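In this text, all values refer to a predicted model and were calculated from it rather than measured experimentally.
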Amino acid sequence: PGVAMGSFLCALVPKYVFGYGWDWKYSMLMGSICAATDPVAVVGLLKALGASQKLSMVIAGESLLNDGTAVVFYYLFLKLCRGATFTAPEIVQFFARMALGGPAIGVAFALA
């Protein structure tokens with residue numbers, strides 16, 4: 001939910017501030033790019049403060065999950081900008097395929 005909210009909030013800027021006349025599809029495409037988080041500064045600060053390695057790994061892992069979600073949002077809105085249409089169940093199927101497809105392929109290669 002955080003990446004979706006961040007994408008939406010970032011999309012408000014090109015939609016209402018820049019004045020390009022973009023519709024929501026293009027604004028959300030840009031918002032999904034800007035919503036990806038960067039944990040480098042936070043992890044560096046945690047190391048400087050002497051925080052546990054476990055906490056640093058949790059934050060880095062959460063950032064990877066956020067980045068993956070932002071990429072899925074980007075692909076979804078890129079398809080919409082190129083003229084694709086989706087129903088609500090198709091959007092859920094798209095997210096499931098993107099989120100579960102990579103790990104499934106990884107497990108298949110690991111077992112082979």
Report yes or no: do [X] and [Y] belong to one cluster of Ile/Leu/Val/Met/Phe/Trp/Tyr joined by side chain heavy-atom distances under 4.5 Å?
X: M5; Y: L76; value: yes
X: L78; Y: I33; value: yes
X: Y26; Y: Y20; value: yes
X: M98; Y: F86; value: yes
X: L9; Y: V72; value: yes

From D67, L65, V71, T69, residue fulfilling side chain to side chain contact (heavy atoms under 4.5 Å, CB included) relative to V3: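 Among the candidates, only T69 passes.
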Would you call [X] and [Y] a side-chain contact if the rule is heavy atoms closer than 4.5 Å?
X: L55; Y: S52; value: yes
X: F94; Y: Y75; value: yes
X: Y74; Y: K79; value: no
X: M30; Y: W22; value: yes

Show the nearest heavy-atom pair for residues S27 and A11, with the distance to one decimal.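 Closest pair (atom of S27, atom of A11, distance): O-CB, 3.3 Å.
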Looking only at heavy atoms, what is the nearest atom pair of A35 and G6, with distance?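 Residues A35 and G6, closest heavy atoms: CB-C, 3.9 Å.
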Got a sec, which hydrophobics cluster with L49, joining ILVMFWY side chains under 4.5 Å apart, including via others?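 Once heavy-atom contacts under 4.5 Å are chained together, L49 belongs with L45.
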Kindly compute the distance separating [atom1] ([X]) from [atom2] ([Y]), expressed to the nearest 0.5 Å.
X: M28; Y: L80; atom1: CE; atom2: CG; result: 10.0 Å
X: L46; Y: M57; atom1: CG; atom2: CE; result: 12.5 Å
X: L100; Y: I105; atom1: CG; atom2: CD1; result: 11.0 Å
X: Q53; Y: K47; atom1: CD; atom2: NZ; result: 6.0 Å

Is the gap between the ring centers of F8 and W24 under 6.0 Å?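 Here the rings of W24 and F8 have centres that are less than 6.0 Å from each other.
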Looking at F95 versus F73, is the centre-to-centre ring distance below 6.0 Å?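 Centroid separation for F95 and F73: below 6.0 Å.
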Look only at the side chain of E90 and the backbone of T87, and say whether a donor-acceptor pair between them is shorter than 3.5 Å.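 Between the backbone of T87 and the side chain of E90 there is a qualifying donor-acceptor contact (under 3.5 Å).
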